Novice: 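Take a look at this one; I'll ask things after.
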Amino acid sequence: MTSLSVETLAAGAAESITSAGHAQLGIAVLAGIAVIVLLITKFKVHAFLALTIGSLALGAFAGAPLDKAITSFTNGLGSTVAGVGVLIALGAILGKLLADSGGADKIVDTILARAGGRSMPWAMVLIASVIGLPLFFEVGIVLLIPVVLMVAKRGNYSLMRIGIPALAGLSVMHGLIPPHPGPLVAIDAVGANLGVTLALGVLVAIPTVIIAGPLFSKVAARWVDIPAPEKMIPRRPSEEGDGAGGEPGAAAVRVPSFGATIATVLLPVFLMLAKALVDIVVDDPGHTVQRVFDVIGSPLIALLAAVLVAMFTLGRAAGFTRGRITATVEKSLAPIAGILLIVGAGGGFKQTLIDSGVGQMVLQISQDWAIPALLLAWLIAVVIRLATGSATVATVSAAGLVAPLAADMTTAHAALLVLAIGAGSLFFSHVNDAGFWLVKEYFGMNVGQTVKTWSVMETIISVVAGALVLLLSLVL
């Protein structure tokens, strides 16, 4: 069998790959993914190490010299961290300021004060979606679950009727809407327009979260009827301590206003959408207005602006001293080290796939089989998600595999390709997903109950979002 070096395949990416080459690359991809899956699931190896080892295994099975495989991996890791690492850090800072200042509590309290009865599941979707914009999924769960449990207990609601809409809101934001890590990495890999992806992502997210949230929660509440577990209802941050704003660990002295909190959270979204709108209306790269919005609407500047504004509208408004704000920023960065490494290693795996010629192989196979590119992207993400349990790993790996398909796509279809990947990455969370166990423990469910509620909800999100992406592709 012909040896397939990374250098040779990268240089000849435009040339067709022989059937023997297809076979070897196909085996290499399966072997690389199998190594990652086994390391993560059976041997409980951290995803960063698993992706690193799997990338080297992929290169070896593809017949590439080890030094070339190492170069591909490190180049991919470096470019991925350079592209999204700062954005992840800024998002973590914004989320920490939102949580520590009491701004998240303010959003929750204000919306819940105006909701009740049958509107409560819809209120929970709104709360989760708004708070989920700047927060990572795991952070959002930790922040919202106590609220879900308290609302269910105090209002005597079914836990699933309240919990499923909140989880759906968080999950949809995590899988489809930048500036979350998965969508950002996919946008970077595919070369999609961030503003257009954000706009179409919101368009897909709204009906998806309605179906998987409030509507499915009616069914989930009948399948699993359990009360909120008492031991999992902690005191809320705003109720702990008397608060001495000068101490890093103290509670907030005051709480930011609802309007200021919402405006701060939505600021980066507004700036990125404004850039997309100007790009469409002006459509002249040399025009002063478009050049200005290209700067202020870039993800880096949009998130940086939101963080700087949040220091005043959230931090100072809550009575934080400059030392307390600095401490909050420092505490926000430590927990994301693992996320950055996983995302970076995923980028290294993606680059190894590309340099090995796998992307070109997928392009040729898709042409031969006449599979729509968006459906192929969704299916690949689904397979990797089921195998690894990680939505981020599925997104990064699938984006690397299908990136060549975006070469001849319009701006809108490239954005839809990112959303198809994101939708597939959410399919059927089960026992190899950390989120599965997080939800199980917080809600006090057994494995079967978690599958019937959380896993089915994730599948509904994936299928509905994927179908909506395919429908949009017919009209755009």
Side-chain angles (χ1 to χ4, degrees), residues 87-115 122-137 139-140 143-144 147 165-166 168-181 183-184 187 193-206 208-210 213 255-279 292-293 295-318 332 415:
L87 305 183
I88 293 173
L90 290 172
I93 295 170
L94 181 59
K96 186 66 172 173
L97 285 168
L98 178 68
D100 283 7
S101 67
D105 274 346
K106 188 65 176 180
I107 293 175
V108 170
D109 292 340
T110 302
I111 294 177
L112 291 184
R114 290 163 172 75
W122 300 90
M124 295 309 299
V125 161
L126 182 59
I127 291 170
S129 299
V130 172
I131 291 182
L133 277 172
L135 295 177
F136 297 119
F137 180 75
V139 177
L143 182 65
L144 275 182
V147 177
L170 285 175
S171 188
V172 169
M173 293 295 112
H174 172 71
L176 301 179
I177 308 296
H180 284 279
L184 281 177
I187 288 169
N193 181 285
L194 188 142
V196 174
T197 306
L198 177 59
L200 291 176
V202 171
L203 191 62
V204 170
I206 292 173
T208 300
V209 79
I210 288 173
V255 178
S257 69
F258 177 76
T261 304
I262 286 290
T264 303
V265 170
L266 296 181
L267 176 60
V269 177
F270 170 77
L271 292 176
M272 287 187 282
L273 285 177
K275 174 190 179 299
L277 181 62
V278 170
D279 286 345
V292 169
F293 275 88
V295 174
I296 65 174
S298 66
L300 174 62
I301 298 301
L303 278 168
L304 180 60
V307 167
L308 294 176
V309 169
M311 290 180 179
F312 294 93
T313 59
L314 300 179
R316 298 296 288 177
S332 72

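Positions are given from 1 along the sequence. It should be emphasised that the depicted structure is a prediction, and the values quoted were computed from it without experimental measurement.
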Novice: Measuring only between side-chain heavy atoms, which start at C-beta, is Leu184 closer than 4.5 Å to Leu194?
Specialist: yes
Novice: For the residue pair Ala302 and Leu271, what are the closest heavy atoms and their distance?
Specialist: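 Taking Ala302 first and Leu271 second, the nearest heavy atoms are CA-CD1, 3.8 Å.
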Novice: To the nearest 0.5 Å, tell me how far Ser332 OG sits from Asp100 CG.
Specialist: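 The CG atom of Asp100 is 9.0 Å from OG of Ser332, to the nearest 0.5 Å.
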Novice: Run the numbers on Leu94 and Leu98 for side chain to side chain contact (heavy atoms under 4.5 Å, CB included), then give the verdict.
Specialist: CA-CA 6 Å; Leu94 181 59; Leu98 178 68; 5.7 Å; no
Novice: On a heavy-atom basis, which atom in Gly213 and which in Ala168 lie closest, and how many Å separate them?
Specialist: CA-CB, 3.8 Å
Novice: Restricting to non-hydrogen atoms, name the atom on Pro256 and the atom on Gly102 that form the minimum distance, rounded to 0.1 Å.
Specialist: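 Result for this residue pair: CD-C, 4.2 Å.
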Novice: With sequence neighbours excluded, what pairs up with Ala415 under the side-chain contact (heavy atoms from CB on, under 4.5 Å) test?
Specialist: Val196, Thr197, Leu200
Novice: Would you mind reporting whether Val125 and Ile210 have side-chain heavy atoms less than 4.5 Å apart?
Specialist: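 Side chain of Ile210 against side chain of Val125, heavy atoms only: no contact under 4.5 Å found.
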Novice: Side chain to side chain contact (heavy atoms under 4.5 Å, CB included) between Leu300 and Leu90: does it pass, once the steps are laid out?
Specialist: CA-CA 8 Å; Leu300 174 62; Leu90 290 172; 3.8 Å; yes
Novice: My understanding is that only residues two or more places apart in sequence, or in another chain, count here; which of them pass side-chain contact (heavy atoms from CB on, under 4.5 Å) with Val295?
Specialist: Ile301
Novice: Shortest non-hydrogen contact from Ala318 to Ser101?
Specialist: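 Here Ala318 and Ser101 meet closest at CB-O, 3.5 Å.
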Novice: Could you name each residue pair satisfying side chain to side chain donor-acceptor pair (under 3.5 Å) that touches residues 268-277, not counting sequence neighbours?
Specialist: Lys275-Asp279
Novice: I need the minimum non-hydrogen distance between Ala205 and Ile177, along with the two atoms involved.
Specialist: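 Closest approach of Ala205 to Ile177: CB-CD1, 4.2 Å.
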Novice: Could you measure the distance from the CD1 atom of Ile93 to the CG atom of Leu308? Nearest 0.5 Å is fine.
Specialist: 9.5 Å
Novice: If a pair satisfies salt bridge (charged side-chain N to carboxylate O under 4.0 Å, His left out) and one of its residues is in residues 261-272, list it, with sequence neighbours excluded.
Specialist: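 Output for this query is empty, none listed.
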Novice: Give the minimum heavy-atom separation between His174 and Pro183, together with the two atoms involved.
Specialist: O-CD, 3.5 Å
Novice: Would you please name every residue forming a side-chain contact (heavy atoms from CB on, under 4.5 Å) with Leu126, sequence neighbours left out?
Specialist: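 If we apply the side-chain contact (heavy atoms from CB on, under 4.5 Å) test to Leu126, skipping adjacent residues, the hits are Ile111, Val130.
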Novice: Sequence neighbours excluded and cut-off under 3.5 Å, please list the side-chain donor-acceptor pairs for residues 258-270, or say none.
Specialist:
{"from": "Thr261", "atom 1": "OG1", "to": "Ser257", "atom 2": "O", "distance (Å)": "2.8"}
{"from": "Thr264", "atom 1": "OG1", "to": "Ala260", "atom 2": "O", "distance (Å)": "2.7"}
{"from": "Thr264", "atom 1": "OG1", "to": "Thr313", "atom 2": "OG1", "distance (Å)": "2.7"}

